[in-house]
Amino acid sequence: MLKRTNMCGSLRTGHVGQTVTVCGWINTYRDQGRGLIFTDLRDREGLCQVVFDLEQAPADLVGLAKTLRREYVIAVTGTVRIRAGGANPKLATGEVEIVAEKLELLNASEAPPILPDDHEAEKINEETRLKYRYIDLRRPRMQHILHTRSRITKFARDYFSGNGFMEIETPLLIKTTPEGARDFIVPARLHPGKWYALPQSPQLFKQILMVAGCDRYLQICKCMRDEDPRADRQAEFTQIDLEMSFVEREDVMEMMTGFVRGLWSELFNYDIGTVQRMTYWDAMERYGIDRPDTRYGLEITDVSDIAANTEFAVFKDALGLTKAGRKGVVKAIRIPTPNEKLTRKVLDGYSEFAKTFKAGGVPFTKLGANGFETGVAKFCEPVKAELIAKLGLVPGDIIVFAADHYDIATKTLGELRQKIARDLDIVPAGKWNFLWVVDFPMFDWDDDNKRWVALHHPFTSPNPDQFGILESDPGVCLSAGYDLVLNGSEVAGGSIRIHNMKVQEAVFRLIGLTDDDAKMKFGFLLDALRLGAPPHGGVAFGLDRLVMHIVGTDNIRDVIAFPKTQSGMDLMTEAPGPVDPEQLVETHVRSTAVVEPAKH
RNA sequence: GGGGCGGUAGCUCAAUUGGUUAGAGUACCGGCUUGUCACGCCGGUGGUUGCGGGUUCGAUUCCCGUCCGCCUCGCCA
């Protein structure tokens, strides 16, 4: 086999005159007849034109070249020269070409069902691309994403290793844990009727590693949660998982800020500046979401007090609501000019959008030169002065309201705010707004089951100044959790953990785990906390989402080499599939699924 | 589990009110072509209209069911 000396995509004018051997796939094939053939050869670094010229090469070489087709795998030895026919500015290697002297066909290819072409790929069904993933991954764009992902994990290892973090693997076959997402489960052959679970995260193991004196831990690990996927969510995903001993909240945030600062510097030569802080409640009030996108305004204002003085039944009814101890609210977004894109039809459509979040609709109006003009103008007119003062309105502004239970009104405007920004096209490109969200509540009230649930996870510590109210006022108690938000997306989340058994037991009690339950399910953790657990805390970065931001895609499948579809299938391998009945017997499993008999 | 959109040639799409032999581009195959680079020119092959059922003289088209893909609500400590 001809031995490669250079990568196709790396050749430049500096290589002119050199004899090189390149290997790769035939990207395109242009036969000019009578012994002049051009091919663009592709490897992971790019394309380079190879020319087979009768005047320069023996006839048998040209003869073999005649048989080449798309996606054939070849090795070529030849001399690099300035292109005789003029440069192609579309290629990085466009100034040069290789004049082939030796050609080795390494492998032919059947006619490929799809071609690895970035322009084509945007038009081809994702379903087809996923089935032939190995062809799709040959595309320059996909190679760029895989390479970028690799650079990110390498940077993470370098940065954290340089800061004293040790890479430690934790088990994949673990015990099922209550709370949280649905577990994937694995039958235990050696223990009939018992099951392992796949980890939703290495959370407990990394805490125990701190108890074990490892001080600083890093792992780039797969996590599995058996829940329905979304555009930015897969059942199987990757975390950059971290934990540190003898630290407080500030120490962890500083370390993690340093990581993203270094990463953005490395990848983009971009200074992320000072990362702002915002409390959870501030985020909810002003942005209606715990991961605000601060790249644009359109902040939310509570106008309940003003709405109470209107005669609008929708407002009045909402203000009379109560749920989980919270009164209903009326909130508003002021949309300044230019807002002409928000036509009557678009604004009416927002009510349909709002209904997906269980809101009745989103009333709106517009301030003209002489008062409110459309929509719910007549109800707003009597409180015009107050609205103008509170929202800072000027003529031309559109105001959109949500009136409902606190959580519904908040979420509706939080989501609508992002939609409006997209509709107005005011989301700035090329801007990286990092934000730490802190002071989360410890618990959320589950009205259906009448109990507290941990907002983050039940190992999150209250903030040091909050221990006093943990049990007396759990709904108010704030945690030592923190989320790193980038452009409205949570890229990392973590907390200082509970390292005191008594506190941990109190939290378990509050979320309705009896002492016996806690012992059975988390006994090993409680034991560990009793046996010399240092103060510790950590973070997990969502690697997939981080890569999505960095390469600029809104599809998580783009950043995973072998992703699954929305129904959890791998279209290439056709997993999941049936197993041999013998495997079921061995693992003591009997399926209750009704399987269609095979057709014949 | 709910809502929305989609599935026709290898790929991307078209097909009038339900009506003749389901078309086009591209890919592929054959021929021609010496500076192309989305090469060009000529010719050709290629169809379980996702699958199953129903209505009808006749279904890509209408109805029912089902499978698959995408977006989304719920869910995702």
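In what follows, every chain begins at residue 1, and chains take the letters A, B, ... in the order their sequences are listed. Predicted model only: the values in this text are computed from it and were never measured.
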Using a 3.5 Å cut-off and no angle test, enumerate the donor-acceptor pairs between side-chain atoms of residues 408-416 of chain A and protein atoms at least two apart in sequence or in another chain.
residue, atom, partner, partner atom, Å
A:Thr410, OG1, A:Tyr406, O, 2.6
A:Thr412, OG1, A:Ile408, O, 2.7

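For the OP1/OP2 pair of B:C71 and a distance below 4.0 Å, the side-chain nitrogens and oxygens of A:Gln566 include at least one atom meeting the criterion. Phosphate contact (OP1/OP2 of B:C71, side-chain N/O of A:Arg557, threshold under 4.0 Å): present. At the phosphate of B:C37, neither OP1 nor OP2 sits under 4.0 Å from any side-chain N or O atom of A:Thr28.
The nearest whole Å value for the distance from the CD atom in A:Glu352 to the P atom in B:C71 is 22 Å. One atom, CZ of A:Phe353, and another, P of B:U72, lie 11 Å apart when rounded to the nearest Å. A:Glu126 has its CD atom 16 Å from the P atom of B:C68, to the nearest Å. Between the CD atom of A:Glu127 and the P atom of B:U8 there is a distance of 9 Å, rounded to whole Å.
Note on residues 509-518 of chain A: pairs passing side-chain hydrogen bond (donor to acceptor under 3.5 Å, both in side chains), not counting sequence neighbours, are A:Glu471-A:Arg509. Applying the side-chain hydrogen bond (donor to acceptor under 3.5 Å, both in side chains) test to pairs two or more places apart or on separate chains, those with a residue in residues 63-74 of chain A are A:Asp31-A:Lys66, A:Arg42-A:Glu71, A:Glu71-A:Arg138.
Straight-line distance between the C1' atoms of B:G23 and B:U49: roughly 13 Å, to the nearest whole Å. Taking the P atom of each, B:C70 and B:U8 are spaced 15 Å apart, rounded to whole Å. Here, B:U33 and B:G43 have their C1' atoms 15 Å apart, quoted to the whole Å. The same atom, C1', is picked in B:U17 and in B:G74; the two are 42 Å apart, to the nearest Å. The gap from the P atom of B:C57 to that of B:C13 amounts to 36 Å, rounded to the nearest Å. Using atom P as the reference point in both B:G47 and B:A24, the two lie 15 Å apart (nearest Å). Between B:U56 and B:C29, the distance separating the two C1' atoms is 41 Å to the nearest Å. Atom name C1', nucleotides B:U21 and B:A15: the rounded distance is 14 Å, in whole Å.
A:Trp445 is linked by a ring pair (Phe, Tyr, Trp, His ring centres under 6.0 Å) to A:Trp452, counting only residues two or more places apart in sequence or in another chain. Take A:Arg417 and apply the salt bridge (Lys or Arg N to Asp or Glu O under 4.0 Å) test, not counting sequence neighbours, and it matches no residue.
Donor-acceptor pairing under 3.5 Å, judged by distance alone, is absent between the side chain of A:Arg129 and the base of B:C11. Below the 3.5 angstrom threshold, one finds a donor paired with an acceptor across the side chain of A:Asp228 and the base of B:G74. Judged by distance alone with a 3.5 Å cut-off, a donor-acceptor contact links the side chain of A:Arg233 to the base of B:C76.
Closest to the A:Arg230 side chain, of the nucleotides B:C76, B:U72, B:G35, is B:U72. Here B:C68 is the nucleotide among B:C68, B:C71, B:U33 with the atom lying nearest to any side-chain atom of A:Ser567.
A:Arg42 comes within 4.0 angstrom of no nucleic acid atom, judged by non-hydrogen atoms across all strands. In this structure, A:Gly94 reaches neither bases nor backbone, as no heavy-atom distance under 4.0 Å exists between it and the strands shown. When heavy atoms are screened at a 4.0 angstrom cut-off, A:Leu455 is found touching the sugar-phosphate backbone but no base atom. Nucleic acid contact for A:Ser201: base, since at least one base atom lies under 4.0 Å from a heavy atom of the residue. Within 4.0 Å (heavy atoms only), A:Lys355 reaches no atom of the nucleic acid at all. Residue A:Glu97 is in base contact, counting any heavy-atom pair closer than 4.0 Å across all strands shown. Base contact: A:Asp31 has a heavy atom under 4.0 Å from a base atom.
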Nucleotide N/O to protein N/O under 3.5 Å, stretch nucleotides 24-31 of chain B:
residue, atom, partner, partner atom, Å
B:C29, OP1, A:Arg69, NE, 3.2

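Using a 4.0 Å cut-off between charged side-chain N and carboxylate O, A:Asp348 and A:Lys345 make no salt bridge.
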**Asked** Run the side-chain hydrogen bond (donor to acceptor under 3.5 Å, both in side chains) check on A:Gln49 and A:Thr93 step by step: do they pass?
**Response** CA-CA 8 Å; A:Gln49 176 164 287; A:Thr93 62; over 6 Å; no

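A side-chain donor-acceptor contact under 3.5 Å links A:Thr170 and A:Gln219.
Ring pair A:Tyr132/A:Tyr134 is perpendicular by interplanar angle, where above 60° counts as perpendicular and below 30° as parallel.
Annotation: of the two residues near RNA chain B, A:Phe357 and A:Gln203, the 5′-most nearest-nucleotide partner is A:Phe357. Both A:Gly33 and A:Tyr29 lie near RNA chain B, and the one whose nearest nucleotide falls closer to the 5' end is A:Gly33.
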